[in-house]
Amino acid sequence: MDNSTSTITLTYREALKQGLRDALQNDENVFLMGEDVGRYGGAFAVSKGLLQEFGADRIMDVPLSEAGFVGAGIGAAMAGMKPIIEVMTVNFSLLAMDQIVNNAATLLHMSGGQIHVPMVIRMGCGIGRQLAAQHSHSWEPFYAHIPGLIVLSVGTHEDARGMLRAALQSPDPVLLFEYTLMLNLEKEIAADIGFIDILKAKVLREGSAITIITYGTGVYKSLEAATELALVGIDAEVIDLRVLRPLDERTFLESVAKTHRVLIVEDAWRSVSISSEISARIMEKAFYDLDAPVQRLCGVEVPIPYPAHLEEAAIPQKNDIVNAVKKMIRHD
């Protein structure tokens, strides 16, 4: 069968796992390290079976010390290896913040360009599995603030399948945010997804009436909302940012020039967020292209509640997107 036209159906979890396997198979310098990634198979079963396939030298269980094993990964990267470091959930990354911010992000600069840190840190992220306020965070804006890091959001199955391998080609540290809410979600994708460009946002649906800019779990919700809006004659363009640092502003500015209206959808809290930055850039560089003020749909600014109905209410859902767009277009 011609792989260029054939498709496969798989879950987001399976796509992430295939991406890991590809990376390990294609470069002997790549290894995975993290808490419970080996014998247990990963907290979310993404690495299940890889220990048996690749051995303990390349699928490494580590002590419960994020600062310790992230630091070890930085050292391995400096020595020529290509570590994939799994941080179980994004809140645990705060325990390694010093290593990420003060070491991984700065070594190239502090060494006068002599030392690269070719490592990838994968983080379980987001809201929607009743993990309550301790493990339900969208802290991508924290890391997108930091020069020296490349920050990527894995919002589609295609990117779950291919973004890791592309990230490992970077000579500088890359953070991958993977979304636990999507782990069991099935989608049909091309069997051969080709090269993933980790420098570009992606227009997933073209439209002319409004631009919806989003990332992470907002991507599929926005696409579903756009489908529903089309039924009432509203043609929405949907952009998956994908790259949160450095932002590909050209893609969304070109879209604004075409549609003249913008809604930004983000699970993270509204204050000091990715949507804040995008809104500011649009106002600075595309103000005269706008027919209406930029609008934002973001997470409610409270610690994430445990009950499922409150958790769902704390972040933008498809109906929220539909209603916000209708209000912007029709001035309801």
Any side-chain heavy-atom pair from [X] and [Y] closer than 4.5 angstrom?
X: Ile264; Y: Gln295; result: no
X: Leu241; Y: Asp248; result: no
X: Glu228; Y: Lys318; result: yes
X: Tyr179; Y: Ile127; result: no
X: Leu183; Y: Leu181; result: no
X: Met123; Y: Leu175; result: yes
X: Ile196; Y: Arg165; result: no
X: Glu66; Y: Glu35; result: yes

Under 4.5 Å between side-chain heavy atoms, counting indirect links through other Ile/Leu/Val/Met/Phe/Trp/Tyr residues: same cluster for [X] and [Y] or not?
X: Ile74; Y: Leu108; answer: no
X: Ile146; Y: Ile115; answer: yes
X: Phe287; Y: Ile282; answer: yes
X: Val120; Y: Phe92; answer: yes
X: Val256; Y: Met283; answer: yes

What pair of heavy atoms forms the shortest contact from [X] to [Y], and how long is it?
X: Ser138; Y: Asp267; value: OG-CB, 3.6 Å
X: Asn103; Y: Gln99; value: ND2-OE1, 2.7 Å
X: Arg242; Y: Ala201; value: CD-C, 4.3 Å
X: Ile193; Y: Glu158; value: CD1-O, 3.3 Å
X: Gly19; Y: Leu164; value: O-CD2, 3.8 Å
X: Thr106; Y: Val101; value: CG2-O, 3.3 Å

With no hydrogens and no angle check, is any side-chain donor or acceptor of [X] less than 3.5 Å from a backbone partner on [Y]?
X: Ser47; Y: Leu50; answer: no
X: Trp269; Y: Val300; answer: yes
X: Asn26; Y: Asp22; answer: yes
X: Ser279; Y: Ser275; answer: no
X: Gln18; Y: Arg161; answer: no
X: Ser136; Y: Ala133; answer: no
X: Glu266; Y: Ile274; answer: yes
X: Lys187; Y: Tyr12; answer: no
X: Ser153; Y: Gly216; answer: yes
X: Thr259; Y: Ser208; answer: no

Indicate, with yes or no, if the rings of Tyr220 and His157 have centres closer together than 6.0 Å.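 Here the rings of His157 and Tyr220 have centres that are less than 6.0 Å from each other.
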Between [atom1] of [X] and [atom2] of [Y], what distance do you get to the nearest 0.5 Å?
X: Arg250; Y: Leu253; atom1: CZ; atom2: CG; answer: 10.5 Å
X: Met81; Y: Glu28; atom1: CE; atom2: CD; answer: 8.0 Å
X: Ile100; Y: Phe142; atom1: CD1; atom2: CZ; answer: 12.0 Å
X: Tyr215; Y: Asp240; atom1: OH; atom2: CG; answer: 11.0 Å

Before you tell me yes or no, could you show the steps for Ser255 and Glu237 under side-chain hydrogen bond (donor to acceptor under 3.5 Å, both in side chains), namely the whole-Å CA-CA distance, both residues' side-chain angles and the distance that decides it to 0.1 Å? CA-CA 8 Å; Ser255 181; Glu237 182 149 298; 2.7 Å; yes
For Ile329 and Ile210, what are the C-alpha separation, side-chain angles and deciding distance, and is it a side chain to side chain contact (heavy atoms under 4.5 Å, CB included)? CA-CA 8 Å; Ile329 298 292; Ile210 189 169; 4.2 Å; yes
Are Asp172 and Ser170 close enough that a side-chain donor and a side-chain acceptor fall under 3.5 Å?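 No - no donor-acceptor pair under 3.5 Å links their side chains.
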Any chance the side chains of Asp289 and His260 put a donor and an acceptor closer than 3.5 Å?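 Checked: Asp289/His260 side chains show no N/O donor-acceptor pair below 3.5 Å.
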Please test Thr217 against Met182 for side chain to side chain contact (heavy atoms under 4.5 Å, CB included), starting from the C-alpha separation and ending with a verdict. CA-CA 7 Å; Thr217 58; Met182 295 165 57; 3.9 Å; yes
Would you indicate whether Asp57, at its atom CG, is surrounded by more than 12 heavy atoms from other residues, nucleotides or ligands within a distance under 6.0 Å?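 No - once you tally the heavy atoms of other residues, nucleotides and ligands closer than 6.0 Å, there are 12 at most.
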Count the heavy atoms belonging to other residues, nucleotides or ligands that lie under 6.0 Å from CD of Glu206, then report whether that count exceeds 12.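 No, because the 6.0 Å sphere around CD of Glu206 holds 12 heavy atoms or fewer from other groups.
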Does Glu301 form a side chain to side chain contact (heavy atoms under 4.5 Å, CB included) with Arg270? I'd like the steps, not just the answer. CA-CA 7 Å; Glu301 298 200 15; Arg270 182 184 181 94; 3.2 Å; yes
List the steps, then state whether side chain to side chain contact (heavy atoms under 4.5 Å, CB included) holds for Leu263 with Arg296. CA-CA 6 Å; Leu263 176 68; Arg296 294 186 286 154; 5.9 Å; no
Out of Leu152, Val151, Leu199, which one pairs with Val243 under the side chain to side chain contact (heavy atoms under 4.5 Å, CB included) rule?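 Of all the options given, the one that passes is Leu152.
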Of Thr214, Thr156, Ile239, Ile212, the residue whose pairing with Leu204 passes side chain to side chain contact (heavy atoms under 4.5 Å, CB included):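 Filter result, single survivor: Thr156.
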Is there a salt bridge (charged side-chain N to carboxylate O under 4.0 Å, His left out) between Glu254 and Lys258 once you walk through the steps? CA-CA 7 Å; Glu254 287 178 349; Lys258 177 174 66 172; over 6 Å; no
Salt-bridge present (Arg205, Asp235; N to O < 4.0 Å):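 Asp235 and Arg205: salt-bridged.
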Identified salt bridge (Lys or Arg N to Asp or Glu O under 4.0 Å) counterpart of Glu178 within the set Arg13, Lys17, Arg122: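 Checked Arg13, Lys17, Arg122 against Glu178; only one passes salt bridge (Lys or Arg N to Asp or Glu O under 4.0 Å): Arg122.
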Indicate the ring-plane relationship of Phe177 and Tyr143, choosing parallel, tilted or perpendicular according to the 30° and 60° boundaries.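 Ring orientation of Phe177 relative to Tyr143: tilted.
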Show the numbers, then the answer: is there a side-chain hydrogen bond (donor to acceptor under 3.5 Å, both in side chains) between Glu188 and Thr7? CA-CA 6 Å; Glu188 184 179 12; Thr7 61; 2.5 Å; yes
Carefully, step by step, assess Ser273 and Ser276 under the rule side-chain hydrogen bond (donor to acceptor under 3.5 Å, both in side chains). CA-CA 5 Å; Ser273 60; Ser276 303; 3.1 Å; yes
Residue pair Asn102, Asp98: steps toward the side-chain hydrogen bond (donor to acceptor under 3.5 Å, both in side chains) verdict: CA-CA 5 Å; Asn102 286 329; Asp98 183 46; 2.6 Å; yes
